[in-house]
There are 2 protein chains.
Amino acid sequence: MKEGPNIAGIAALIGDPARANMLQALMTGVALTASELAQEAGVTPQTSSFHLGRLAEAGLIKLRRQGRHKYYSLADSDVAELLEAMSGIAMRAGMTRVRTGPKEPALRRSRICYNHLAGEYGVQAYDSLLTRGFLVEDGEQLHLTGDGRGFLSELGVVLPEKENKRRPLCKSCLDWSARRSHLAGIAGTALLSFFLDQGWAKRVDGSRIITFSREGDSRFHATFSLQD
Amino acid sequence: MKEGPNIAGIAALIGDPARANMLQALMTGVALTASELAQEAGVTPQTSSFHLGRLAEAGLIKLRRQGRHKYYSLADSDVAELLEAMSGIAMRAGMTRVRTGPKEPALRRSRICYNHLAGEYGVQAYDSLLTRGFLVEDGEQLHLTGDGRGFLSELGVVLPEKENKRRPLCKSCLDWSARRSHLAGIAGTALLSFFLDQGWAKRVDGSRIITFSREGDSRFHATFSLQD
DNA sequence: CGATTGTTTCGATCGTGATCGAACAATCAA
DNA sequence: TTGATTGTTCGATCACGATCGAAACAATCG
């Protein structure tokens with residue numbers, strides 16, 4: 001009876017509040033895990049799993065397995081543009097959600113990415129280690145030099161003595177806010193733990209935000225300067 | 001808890017099959033009455049009335065009273081573009097409606113997009129005007145050159161003498177089937193009217209399909225050749 | 001003025017789909 | 001291996017919203 005593509009199908013898909021929340025969370029460009037998306041959407045992990053299955057089946061999102069996590073992200077820019085267009089229509093219709101928080105700038109500055117530091121701070125640390133020869137990029141791989149190991153050890157960051165085959169010591173992770181790499185892997189986790197243990201920084205409630213104290217901030221910049 | 005526009009609201013609105021059918025029927029550009037839309041969507045007039053109320057409230061459609069009829073049409077080109085974008089996503093997701101009948105190729109070839117011509121014909125006309133210097137892209141904007149105005153005028157396409165601030169003379173609209181731009185705006189509407197008035201093409205019953213006669217087809221290709 | 005057609009309101013029904021508890025599977029750390 | 005974390009499947013529940021019958025309302029026409 002009717003011809004043409006079934007727009008009701010995808011519209012209904014986006015039309016569920018939980019799924020819409022997930023998609024909007026992914027609009028930031030960062031890949032999120034099923035649990036994170038569940039919290040973001042305000043539903044239980046089971047429900048989240050159900051919704052993610054539907055979205056993936058329709059090709060709106062794609063997933064990347066990494067360890068025991070599944071990182072979900074938008075399928076491509078077409079989907080992002082569609083969501084943008086819908087946001088525009090919703091805005092002018094006066095359909096806005098309750099309140100808009102000041103959290104986003106803090107997220108861009110420094111946040112937890114799974115188990116390591118991301119955001120401007122994470123990118124700066126990565127760049128500093130790289131320019132000082134403590135870290136070398138080798139194609140897809142990333143290696144900590146002898147000098148780098150000594151530097152971190154002297155600082156007080158504890159690292160396992162020998163490399164583990166299962167989980168790499170160093171790994172680069174792409175940052176959404178800065179579109180630059182930052183340090184992941186065991187060393188990345190150790191570094192974040194170090195910052196938290198030393199009191200340089202704290203996590204904020206249940207969010208991904210990391211705040212540096214004034215003291216911690218100056219120490220961080222002294223330790224991870226970009227000169228030399 | 002969440003910030004940003006409520007895309008779930010409008011998505012849910014479009015997500016209902018009956019409403020989606022109505023909106024797609026309105027994509028032909030013609031204004032339809034509540035009863036006609038009811039038949040188009042396959043529901044009773046009561047249900048139709050209910051849905052139309054919701055859509056109008058959200059600003060997706062507008063109505064014009066005329067006698068004892070109420071003529072409904074899409075609110076503006078923004079809504080039309082959103083629906084086009086959704087069609088594109090639905091297509092590539094393989095979500096076509098039940099009988100993917102022989103109508104689909106015809107839709108890809110040439111169809112009405114709100115009030116102008118889309119599909120292969122629309123794209124070809126756009127490309128032809130562009131390569132011959134009758135149309136110039138200027139970032140997001142699109143301008144008709146003096147030569148272009150002369151060309152259309154000589155052809156017999158009537159255009160307003162001076163630009164209107166509210167509605168642009170030329171506007172590019174992205175095509176879901178071809179993933180290319182075609183001409184929208186006042187000039188786009190005028191061009192479509194010209195094709196229909198001259199008998200080069202006809203609309204098919206109540207659908208969005210436009211069929212060119214043999215005569216019209218050859219004239220179209222002669223007029224909008226891609227060489228030079 | 002009634003008669004006819006088009007549209008809306010109300011109330012009740014009903015099916016679809018979101019949701020969560022609980023159990024299960026997979027992966028990693030020690 | 002064991003234990004902990006993460007993710008999924010299954011089943012049952014439940015609420016929301018689409019739908020339509022009946023009837024009221026509105027606007028034209030003869």
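Lettering follows sequence order; numbering is per chain, from 1.
Within the structure, a side-chain polar atom (N or O) of B:S35 is placed less than 4.0 Å from OP1 or OP2 of C:dT7. Checking the phosphate oxygens (OP1, OP2) of D:dA26, no side-chain nitrogen or oxygen of B:K70 falls inside 4.0 Å.
With a 6.0 Å cutoff to the six-membered ring centre and a 45° limit on the axis angle, A:R109 does not count as a cation-pi contact of A:Y121.
Helix-axis bend for the helix from C:dC1-D:dG30 to C:dA30-D:dT1: the local axis fitted to the five terminal pairs at one end deviates from that at the other end by 30°, rounded to 10°.
Annotation: side-chain contact (heavy atoms from CB on, under 4.5 Å) contacts of A:A12 (sequence neighbours excluded): none. Among residues two or more places apart in sequence or in another chain, the side-chain contact (heavy atoms from CB on, under 4.5 Å) test is passed with A:D197 by A:S193. With sequence neighbours excluded, the residues forming a salt bridge (Lys or Arg N to Asp or Glu O under 4.0 Å) with B:D76 are A:R92, listed by chain and number. Residues meeting the side chain to side chain donor-acceptor pair (under 3.5 Å) test with B:Q198, sequence neighbours left out: none.
A:S48 comes within 4.0 angstrom of nothing in the nucleic acid, heavy atoms only.
In this entry the distance linking CG of A:L52 with C1' of D:dT9 reads 15 Å, nearest Å. Going from atom CG of B:L13 over to atom P of D:dC16 covers 18 Å, rounded to whole Å. Across the protein-nucleic acid pair, B:M22 atom CE and C:dT7 atom C1' stand 13 Å apart, rounded to whole Å. Distance, A:I186 CD1 to C:dC28 P: 13 Å, rounded to whole Å. One can place CD1 of A:I14 at 13 Å from P of C:dA18, the figure rounded to the nearest angstrom. The distance between atom CG of B:L37 and atom P of C:dT8, rounded to the nearest whole Å, is 11 Å. Put simply, OH on A:Y71 is 10 Å from P on D:dT6, counting in whole angstrom units.
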(request) Sugar-phosphate atoms are those with a prime plus P, OP1 and OP2; base atoms are the rest. Using that split, label each nucleotide of nucleotides 18-23 of chain D B, S or - for protein heavy atoms under 4.0 Å, 5' to 3'. (result) SBBBB-

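Test B:I14, B:V43, B:L13, B:L52 against B:R19 for side-chain contact (heavy atoms from CB on, under 4.5 Å) and you get one pass: B:L13.
The aromatic rings of A:F195 and A:W200 lie parallel to each other, their planes meeting at an angle below 30°, with 60° marking the opposite boundary.
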(request) Please lay out, stage by stage, how A:S153 and A:R149 fare under the test side chain to side chain donor-acceptor pair (under 3.5 Å). (result) CA-CA 6 Å; A:S153 170; A:R149 182 176 279 271; over 6 Å; no

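Looking only at distances, no side-chain donor or acceptor of B:S172 sits under 3.5 Å from a matching main-chain atom of B:L183.
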